Amino acid sequence: MRGLVVLVTLACFATAQHQALIDYLERRLLAIEDRISLWHEQTTRYASELRELKQQMVSQLENLDKEKEALRMNLDGVGTRVDRVERELDYLETQNGAQPCVDVDDKLIEQQVTLVKEKQKAQYLKLSDCSDMISSIKAMKILKRVGGQKGMWTKDTSRASGKVYIFNGTDEDTIHEFATIQDFTRSQGMSLSNNLKLPSAWKGTGHVVYKNNVYYINQGEEITVVKYDTRNNSVTDSAVFPVQDHVPVYGLTPETVMDLAVDEEGLWAIYATRQNERHISLAKMDTSSLDIEQMWDTNCPRENAEAAFVICGTLYVAYNTKQPGRSRVQCVFDVNGMVTNEEAPLVYFPKRYGSHSSLKYNPQEQLLYAWDDGYQILYKLIMKKKLEI
Ligand SMILES: *[C@@H]1O[C@H](CO)[C@@H](O)[C@H](O)[C@H]1NC(C)=O
Ligand SMILES: *[C@@H]1O[C@H](CO)[C@@H](O)[C@H](O)[C@H]1NC(C)=O
């Protein structure tokens, strides 16, 4: 009996225990269900939020696409406008749109240049009737070979006299006078000449004969220009040339410290100074008084110069090399500024022998009397007008 009670009790106890377990499990299940539903809720919310976000993104992307398209269309529009502008510019250019301005400028410049040149011409014509410049050398004629390697010869550069004068060498006191050029060419050596013994020695190749007067360079302490009248064999005048140093005027003709020249306008002195040592200087002299009227420092170098002459107020300097080649007029200086080196033609001398120790211009004949290695040569010049507007 007692055993049964225990059993029942045990059974009761077991039942109670079982019930408790079930309750516990139910509670747990409920809690889990609650959590699951909470998760579910949250997941749904996340999902919807994600969807919303995606929708926003999509719509924003669509907007971006639309803006991009609009931008592309704008760019296309700008591109076509640029193309059109370029085509219009091209068209305008082909239609000489830009050229007339340039033409007008050129014409203006031409007019101004012409005006300036006409002004210069007017000024120049007041100073002188002569406006010739060398164009080229037309011909040469070798007349004779008398005398030494160096020297000079010239005809009296006045219309009336036809006399020819020979300065043989570079340091003498006698000159040879021929009545005509025919006498000179016919003469055996100096046989047909009248020998003139000058009152003092002449030096170099820088002398001239003008209107029966010999203008010669005497070189002692000073450089003196002596004017000697051939009709009564007397010194009419003399003048000390105001240069301290005896600098040879031409690099290749060192015996000549000063060169005289006659042109259409009168007497010129071509010389050198220590102050302007690298270049040739020029002075205008009065033929009767030997006064110096004006002096210029030219841009013509002394180096490799062999001789020079003056035509219508323009100095022409002939250059060569120490190993003689063809000499050429390579520097000009116009006292009136009308001929520039750029404008002047490069004048080449024809075949030659050694070196031009002198080149003397005769304005009446437009001939150059040249002394080349003892040969007496004439060069016939072709002239042109300084201004050809
Ligand atoms: C010319 O001068 C040279 C020296 O320079 C001399 O030898 C020659 O004899 C002279 N000739 C005449 C014809 O005077
Ligand atoms: C030489 O002649 C010139 C001009 O004919 C004259 O001026 C000069 O006085 C004369 N000289 C002599 C010394 O007669």
Side-chain angles (χ1 to χ4, degrees), residues 142-219 224-239 246 248-250 252-260 262 266-267 285-291 306-307 320 324 352-360 369-378:
I142 303 161
L143 275 98
K144 214 180 178 67
R145 189 181 196 183
V146 286
Q149 195 192 356
K150 291 190 175 177
M152 64 142 287
W153 77 300
T154 183
K155 197 155 135 182
D156 188 333
T157 52
S158 55
R159 213 175 286 275
S161 166
K163 289 178 181 165
V164 173
Y165 295 86
I166 311 290
F167 293 67
N168 176 37
T170 56
D171 192 2
E172 297 286 335
D173 62 0
T174 303
I175 61 173
H176 308 276
E177 180 190 71
F178 291 89
T180 62
I181 196 125
Q182 289 76 19
D183 276 5
F184 172 61
T185 48
R186 283 191 295 125
S187 172
Q188 284 283 343
M190 306 289 191
S191 63
L192 290 182
S193 75
N194 173 27
N195 291 352
L196 299 178
K197 191 170 169 10
L198 303 184
S200 55
W202 48 268
K203 184 100 201 282
T205 58
H207 327 286
V208 293
V209 184
Y210 177 67
K211 291 187 178 168
N212 299 304
N213 286 286
V214 177
Y215 296 76
Y216 68 92
I217 308 298
N218 176 261
Q219 195 183 327
T224 312
V225 179
V226 182
K227 185 179 171 187
Y228 174 84
D229 194 321
T230 58
R231 287 163 299 186
N232 55 14
N233 298 317
S234 60
V235 172
T236 326
D237 208 345
S238 75
H246 298 189
V249 57
Y250 309 122
L252 297 180
T253 312
E255 298 85 358
T256 303
V257 292
M258 189 170 150
D259 195 7
L260 297 175
V262 171
L267 183 64
M285 292 181 84
D286 184 281
T287 47
S288 57
S289 66
L290 299 180
D291 292 344
E306 58 177 17
N320 209 322
R352 42 88 54 77
Y353 299 97
S355 161
H356 287 128
S357 57
S358 67
L359 289 168
K360 297 286 161 179
Y369 286 70
W371 189 291
D372 180 353
D373 198 27
Y375 288 92
Q376 288 75 46
I377 300 173
L378 289 176

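Quick note: numbers below take in every heavy atom, side chains included, and nothing from hydrogens, waters or symmetry partners. Nothing here was measured: the structure is a model prediction, and the numbers come from that model. For ligands, and for the atoms within them, numbers begin at 1 and follow the listed sequence.
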**Message:** salt bridge (Lys or Arg N to Asp or Glu O under 4.0 Å) for K150 and D373? Distances and angles first, verdict last.
**Reply:** CA-CA 6 Å; K150 291 190 175 177; D373 198 27; over 6 Å; no
**Item:** Sequence-distant partners of T256, side chain to side chain donor-acceptor pair (under 3.5 Å), two or more places apart
**Value:**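 So T256 forms a side chain to side chain donor-acceptor pair (under 3.5 Å) with T205.
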Note every protein N or O atom lying under 3.5 Å from an N or O atom of ligand 1, pairing the names and giving the distance.
from, atom 1, to, atom 2, distance (Å)
ligand 1, 2 (O), N168, OD1, 3.1
ligand 1, 2 (O), N168, ND2, 2.4
ligand 1, 11 (N), N168, ND2, 2.8
ligand 1, 14 (O), N168, ND2, 3.1

**Message:** Hydrogens and angles aside, do E306 and Y250 bring a side-chain donor and acceptor to less than 3.5 Å of each other?
**Reply:**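 Distance-only check fails for E306 and Y250.
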**Prompt:** Which residue pairs pass the salt bridge (charged side-chain N to carboxylate O under 4.0 Å, His left out) test with at least one member in residues 201-216, sequence neighbours excluded?
**Reply:**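 As it turns out, there is no salt bridge (charged side-chain N to carboxylate O under 4.0 Å, His left out) pair with a partner in residues 201-216 once direct neighbours are skipped.
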Which side-chain N or O atoms in residues 179-186 pair as donor and acceptor under 3.5 Å with protein atoms at least two apart or in another chain?
from, atom 1, to, atom 2, distance (Å)
T180, OG1, Q182, N, 3.4
T180, OG1, D183, N, 3.0
D183, OD1, R186, NH2, 2.5
T185, OG1, I181, O, 3.2
T185, OG1, Q182, O, 3.0

**Message:** Does any part of the side chain of Y216, heavy atoms only, come nearer than 4.5 Å to the side chain of I175, both counted from C-beta?
**Reply:**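 No, too far: nothing below the 4.5 Å cut-off.
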**Request:** Just say parallel, tilted or perpendicular for the rings of F167 and H207, cut-offs at 30° and 60°.
**Result:**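 F167 and H207: parallel rings.
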**Asked** For ligand 2, which atoms have a heavy atom of S234 less than 4.0 angstrom away?
**Response**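 In order of numbering, the contacting atoms are 1 (C), 11 (N), 12 (C), 13 (C).
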**Request:** Would you check the N or O atoms of T236, main chain and side chain alike, for any that come under 3.5 Å of an N or O of ligand 2?
**Result:**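 Between T236 and ligand 2, no N or O pair is found under 3.5 Å apart.
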